[in-house]
Amino acid sequence: MRSFDYTIRDPLGLHARPAGQIVRTSAPFQSRVTLRCGEKQAESDRLMALMLLGAKQGSTLSAEIEGADEDACAAVLLACLEQNL
Amino acid sequence: MQTLTGKAIVSGLAHGAAHISASFSAPSDTPCRSTEAEFARFRAAVAAADAELAALEESARRETDENIAAIFGVHRLLLTDRDYTDAVADSIQSNAVCAEDAVRHTAERFAALFEAADDTYLRTRATDVREVSARLLRCLADSAPETTPDIPCILFSDELLAGDILRFGRERLRALVCRRGSPDSHAAILARSLGIPCLVCPALTLSALTEGTPVLILNDTLIFAPTPEALADYEAKAEEKALRQQELSALADAPAVTQSGRRVALHANIGGAGDIPAALKAGAEGIGLFRSEFLFLGRDSLPDEEEQFAVYHEVLEAMGDRRVTVRTLDLGADKPCPALSQPPEENPALGVRGIRLCLQNPALFQTQLRALLRAAVYGELRILYPMIDSADELAQIRTCIREAADALERAGIAYRIPPQGIMIETPAAALLADELAPLADFFSVGTNDLTQYTLALDRGNEHLTSYYDPAHKAVLRLIAHTAACAHDAGIPIAVCGELAADPTLTERFLAFGIDELSVAPPHLLPLRAHIRKLP
């Protein structure tokens with residue numbers, strides 16, 4: 001399992017556009033990706049659940065990636081967050 | 001000929017043939033076939049809806065702007081979200097209902113989830129969920145996408161939907177008439193920016209409508225099958241309006257400069273981000289007054305720092321490098337806010353309002369100041385304080401600003417302390433302008449309240465209309481004095497009350513040395529035209 005934390009920089013927090021990008025970039029991988037923010041969590045393929053995390057600027061997202069391609073998936077996901085959030 | 005009245009969300013004149021949307025006539029008593037059949041219908045509808053949205057996203061990208069295209073992008077993601085599609089499938093399975101009912105119930109459940117969020121952005125997404133659901137229902141109703149007539153028409157539908165506007169395009173859609181619609185929805189904002197009149201008519205019934213009937217829209221009025229007289233009257237009005245618009249639009253970018261070269265800045269007064277497109281179209285060089293209390297009115301909970309920050313940030317982004325002046329919360333017992341506990345007062349106009357309310361409610365003030373200081377990083381923000389009476393109030397405000405800045409510093413959140421000015425709207429402030437000018441970065445004259453307090457009369461009292469002279473000598477003298485003090489201290493002065501738009505006073509304001517006039521968007525172009533004609 002791979003995991004990392006990411007602090008959100010975007011003033012709008014985790015809104016529809018970056019949430020959509022998380023869904024799209026993690027889709028090709030087999031690994032299961034869970035994002036946590038505070039008490040709530042969401043799988044990376046659930047757009048509404050990701051948006052409903054209510055993750056704002058300054059909050060920390062904790063990502064957990066589990067699967068055969070977890071290394072590649074984690075790298076791509078981190079890059080996606082850095083670029084879009 | 002039949003006449004109906006409604007509420008214009010987007011005002012205007014329009015004429016065309018009535019076209020009745022399929023969503024208006026969508027039956028809710030569709031018979032339910034087998035669960036397998038309903039699953040299949042649902043999947044087919046999702047595919048059809050996704051194809052429609054993909055085409056809309058593409059055409060929006062070509063025709064309007066990226067923001068509208070992004071809305072359809074979001075709709076596509078919502079449509080194919082596993083939680084949503086799984087929920088509909090579950091509903092069909094466990095409740096043995098037809099696909100339409102499953103879609104409706106699921107949409108309401110998800111819309112409710114978004115509406116319950118403590119974040120304005122998420123709450124607005126509830127409308128997106130409903131729009132996606134409406135599209136799915138339409139796809140379930142027809143196997144082919146809805147027909148779009150080739151001739152210009154006036155669309156009659158149940159709900160105001162952005163998809164309808166883009167499906168037709170501005171050329172073929174003369175106006176929209178709906179049973180339900182909100183002025184803040186994506187659809188309304190889109191219609192406003194494209195100049196398509198929208199009328200909300202809750203009383204509209206299917207039985208009153210016939211496909212193809214000629215229809216006239218005059219702002220709040222709807223006329224079916226107009227008589228030749230009604231039509232002639234409409235045409236005369238439309239021609240006059242078109243001519244005026246043409247003359248004025250040509251001026252939007254022309255500088256507000258008199259014949260002798262005296263320049264004045266023209267800014268807009270707004271209540272929210274929704275007013276910005278109209279302001280920019282009319283050539284606003286900045287926002288001279290953003291009335292922040294609109295964020296607080298008509299709701300049971302106070303907007304928190306995040307919500308306020310999101311709004312200020314949005315406004316600054318929309319205005320680019322143009323200046324935006326946000327007035328801090330200006331509420332009192334006469335503009336009640338259920339979320340604030342305001343004890344009733346005998347003289348609300350003379351009571352705990354404006355800056356007094358903020359200084360007496362430190363948490364409230366800190367929330368707004370923090371949101372403003374954070375937003376100031378993203379554009380040319382200025383803060384304006386209402387109802388100032390004395391230098392002492394300014395000293396207290398400076399302490400509050402320092403407190404907000406320190407808190408943000410400790411939390412490691414980016415901020416900037418922007419220029420800060422005061423409203424001159426009490427006689428005290430006008431009379432002490434020489435003492436206050438060195439303590440402020442700018443002045444803004446609030447003529448509405450200044451007149452009320454100087455003449456000691458209530459503007460709302462209909463028995464006093466003959467006494468209410470907005471250009472009263474006393475008020476003008478105070479403005480002239482204030483302007484002179486501002487210039488002695490080297491600070492700019494604006495007029496943002498209703499008087500700013502009064503063309504009979506423009507020359508005098510310029511003579512006083514007023515640097516900026518801030519008016520409601522509809523006044524911008526006429527005022528610019530007037531200034532350019534002045535000697």
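Protein chains get the first letters and strands the later ones, always in sequence-line order, with residue 1 at the start of each. These numbers come from the heavy atoms of this one structure, side chains and all, not from hydrogens, waters or symmetry mates.
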Which bit of B:F110 is near chain A, if near means a heavy-atom gap under 4.5 Å: side chain, backbone, both or neither?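 It is the side chain, since no backbone atom gets that close.
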Within 6.0 Å of CZ in B:R416, more than 12 heavy atoms from elsewhere: yes
What do you reckon, is CG of B:D321 surrounded by more than 12 foreign heavy atoms closer than 6.0 Å?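 No, the 6.0 Å shell around CG holds no more than 12 heavy atoms from other groups.
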Can you tell which of [options] has the highest number of heavy-atom pairs within less than 4.5 Å of chain A?
options	answer
B:D83, B:V74, B:T80, B:V129	B:D83
B:Y378, B:F114, B:Y84	B:F114
B:R82, B:R76, B:E314	B:R82

Nearest 0.5 Å please: distance from the [atom1] atom of [X] over to the [atom2] atom of [Y].
X	Y	atom1	atom2	value
B:D81	A:M48	CG	CE	4.5 Å
A:Q57	B:I413	CD	CD1	7.0 Å
A:L47	B:L79	CG	CG	11.0 Å

Tell me which of these, A:M51, A:E43, A:R46, has more heavy-atom pairs under 4.5 Å with chain B than the rest. A:R46
For A:G20 versus B:L77, what's the shortest heavy-atom pair and its separation? CA-CD1, 3.4 Å
